Asker: 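Before anything else, here's the structure in question.
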Amino acid sequence: MGTMTVRYPVRDQVAIVGVGTTPYSRDSGKSEMGLVVDAARAAIKDAGLTAKDVDGIAGTWVRAELAQAALGIPAVNYYLNTRLPPFSQQVVAGINAVFSGLCDTMLVYHCAYRMGGTSRSAGGDPFRVSRRGMPRPLSPFPDTITGAACYASWANRYIEEYGASREDLGRIAINNRTNAGHNEHAAARKPLTMDEYLGARMVRDPLTVFDMDYTIDGADAFIITTAERARDLPQKPVIVHAAVLGQTDHGVEEDLPDLTDTGLKVAADALWARSELTLDDVDVFMPYDGFSVITLKWFEAIGYCGVGEAPGFVMDNWNEDADRIEIRGRVSVNPHGGSLSEGASQSAGHMREAVNQLRGQASGLQVEGARTALVAPGGFFYNAGAMLFRT
Amino acid sequence: MSEITDQQVADRLPDMWLDRDNVEFYRGLLQRRLLINRCADCGRWQQPPFPICPSCWSDDVRPTEVSGEGTIHSFTILRAGPPLPGVDYASGHPVVVVELAEQQGVRVTATTADVAHEELRVGMPVTLTWVDRGGEPVPAFRPAASA
């Protein structure tokens with residue numbers, strides 16, 4: 001890793017200069033657009049800029065042309081709408097659009113919203129209608145693992161192949177909940193014990209309610225510009241050292257050959273091939289945790305341990321007193337609480353936390369003197385992203 | 001076997017994203033036939049159905065009935081979900097990903113029959129059968145030993 005084996009001229013040339021978020025809540029009382037404009041305005045102001053300074057826009061569910069209109073951004077020279085997952089697509093596209101000169105100042109946003117299809121209680125709410133159907137061939141509902149059930153199914157496979165246990169999944173949930181307890185922005189902060197975890201309501205065996213991300217209303221937004229311009233703006237720049245994507249040729253959850261040939265691994269390999277930094281340089285690690293098993297896989301893919309070794313790795317790096325993971329006694333893992341506890345942001349919260357940690361402005365546990373943050377979005381097994389930020 | 005039109009497939013599977021690449025798969029389900037695309041040129045099986053063979057790019061891919069033999073690759077038990085006739089989340093609804101005997105890595109996902117949840121295991125040999133749900137046939141896998 002960190003051997004720079006491929007062409008990567010964008011390294012260290014682009015920076016995150018603004019960040020904005022909304023409260024994460026079970027019911028915001030706002031539309032998705034309402035959340036996006038709140039986060040976007042905050043991010044633009046945070047960067048010391050105005051709407052007319054923004055000349056590129058990329059977002060997720062809320063369409064970019066409508067968000068642009070709502071924010072009164074007069075004209076942009078780059079726009080992108082892609083559906084989730086993962087959020088890193090929009091970020092990487094924005095970084096490259098700035099670097100290439102298509103635009104100078106990108107607004108990138110994501111909004112999470114409780115939908116009938118993802119939240120049982122939201123199913124009865126006419127304002128949260130389910131999005132029916134998927135543009136992918138699949139077995140008729142409910143005899144399918146497309147979507148959330150794939151994590152349960154692959155978790156069983158993981159347990160079977162590597163002799164893992166439910167406690168191994170539980171430690172991920174406990175780590176994130178412990179960390180969220182320190183973070184006022186987090187939606188779920190009540191401490192979690194292993195007994196509570198093991199006794200929790202099973203949702204999709206072997207995953208419980210604590211293995212699933214905590215659905216929220218909330219949005220995050222980021223301002224991306226050149227590293228050069230960042231020096232003239234008010235906030236401490238967070239430099240994009242490397243930001244990559246990875247995807248395998250098995251675009252359906254059922255069809256991954258095994259637990260080694262994943263999009264996570266493709267992204268991790270691409271990251272280290274483009275990075276001057278190594279895993280040892282990382283001060284804070286934000287692996288995606290939409291489901292607990294994804295985080296186990298990220299420890300392996302990113303290089304902390306071998307395939308199937310994440311349970312042992314987590315135990316070896318567990319701080320009993322603090323009730324959380326501290327890699328080599330030092331590196332925090334999702335210190336904001338991640339999607340399991342801060343709120344289901346599809347990695348947008350992880351990226352915001354990276355920016356805040358490197359600025360020294362974390363809303364919860366601040367890693368003292370953090371200089372390098374690694375964000376690892378994506379968890380559908382066949383695709384993912386990986387991003388290294390530094391000060 | 002009477003012909004089932006594309007419109008009838010759409011009407012009988014209203015939640016499915018139906019297209020020209022997968023309609024034969026769904027039509028097969030309604031006829032109690034599990035059809036998986038097979039390349040007429042190189043012989044490779046491919047699920048989900050694509051309009052070409054990803055291996056050799058042949059356009060001649062044909063929905064082909066499989067033996068129904070396979071092994072459980074992974075599985076889960078759903079404890080909650082939108083209500084459906086014949087689906088009992090309270091006692092758990094099993095979903096198995098089955099690797100078909102036809103080719104390594106070719107998998108289909110279905111529910112189970114004639115097996116207790118706690119007996120499900122990765123690697124268990126299974127056989128295709130069909131169960132009725134709300135008047136429609138639905139594929140299911142049962143332990144091969146009980147066949």
Side-chain angles (χ1 to χ4, degrees), chain A residues 116-124 130-163 200-209 211-212 249-259 261 291 293 381, chain B residues 12-19 21-26 29-30 34 37 46-50 54 72-84 86-87 89 92-99 104-112 117-118 120-123 131 133 136 138-141:
Chain A
T118 58
S119 167
R120 186 168 49 168
S121 56
S130 178
R131 297 188 172 104
R132 288 158 69 96
M134 295 276 278
R136 279 184 287 168
L138 67 161
S139 304
F141 187 83
D143 304 328
T144 174
I145 65 162
T146 294
C150 83
Y151 297 106
S153 194
W154 278 105
N156 262 330
R157 183 81 194 181
Y158 188 96
I159 287 169
E160 170 70 23
E161 279 201 43
Y162 304 118
R201 177 168 64 88
M202 200 62 83
V203 179
R204 303 174 187 92
D205 299 23
L207 302 184
T208 71
V209 67
D211 294 289
M212 303 161 57
D249 63 348
H250 295 87
V252 178
E253 289 85 343
E254 280 95 330
D255 289 351
L256 275 188
D258 54 45
L259 283 158
D261 187 1
F291 290 86
V293 65
F381 290 106
Chain B
R12 290 170 66 177
L13 295 168
D15 291 333
M16 291 295 97
W17 183 293
L18 206 63
D19 63 29
D21 301 328
N22 64 28
V23 66
E24 296 308 329
F25 174 78
Y26 292 122
L29 295 186
L30 296 174
L34 184 57
N37 264 14
Q46 167 62 37
Q47 171 78 347
F50 292 135
I72 293 179
H73 180 267
S74 64
F75 65 94
T76 185
I77 313 287
L78 306 180
R79 304 289 175 176
L84 279 171
V87 176
Y89 297 110
H93 181 72
V95 177
V96 290
V97 179
V98 172
E99 181 140 325
Q104 187 178 2
V106 172
R107 300 172 194 151
V108 295
T109 306
T111 191
T112 62
H117 301 164
E118 54 274 17
L120 292 174
R121 292 286 180 276
V122 169
V131 297
R133 184 183 299 153
E136 296 288 9
V138 170
F141 285 91

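Chain identifiers are assigned alphabetically (A, B, ...) following the order of the sequence lines, protein sequences preceding nucleic acid strands; residue numbering begins at 1 within each chain. Every value quoted in this text rests on a predicted model; they were computed, and no experiment measured them.
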Asker: For A/Ser153 versus B/Thr76, what's the shortest heavy-atom pair and its separation?
Answerer: N-CB, 4.0 Å
Asker: Check B/Thr109 against A/Ile145 and note the closest heavy-atom contact, atom names and distance.
Answerer: CG2-N, 3.8 Å
Asker: Heavy-atom cut-off 4.5 Å, strictly under: side chain, backbone, both or neither for B/Val96 against chain A?
Answerer: neither
Asker: In the structure I gave you, are the side-chain heavy atoms of A/Asp143 and B/His93 within less than 4.5 Å of one another anywhere?
Answerer: yes
Asker: If you look at every heavy atom in B/Leu78 and A/Ala149, which pair is closest and at what distance?
Answerer: CD2-CB, 4.1 Å
Asker: Do any N or O atoms from the side chain of B/Arg121 and from the backbone of A/Glu160 form a donor-acceptor pair under 3.5 angstrom?
Answerer: no
Asker: Compare all side-chain heavy atoms of A/Asp255 with those of B/Pro48 and state whether any distance is below 4.5 angstrom.
Answerer: yes
Asker: Report which part of B/His117 has an atom under 4.5 Å of a heavy atom belonging to chain A: side chain, backbone, both, or neither.
Answerer: neither
Asker: Would you mind telling me which of B/Ser74, B/Pro139, B/Pro94, B/Ala110 has the largest number of heavy-atom pairs within less than 4.5 Å of chain A?
Answerer: B/Ser74
Asker: For B/Glu99, is it the side chain, the backbone, both or neither that has a heavy atom under 4.5 Å from a heavy atom of chain A?
Answerer: neither
Asker: Highest number of heavy-atom pairs under 4.5 Å with chain B: which of A/Pro142, A/Ala152, A/Pro257?
Answerer: A/Pro142
Asker: For the pair A/Asp205 and B/Arg79, find out whether any cationic side-chain nitrogen is under 4.0 Å from an anionic carboxylate oxygen.
Answerer: yes
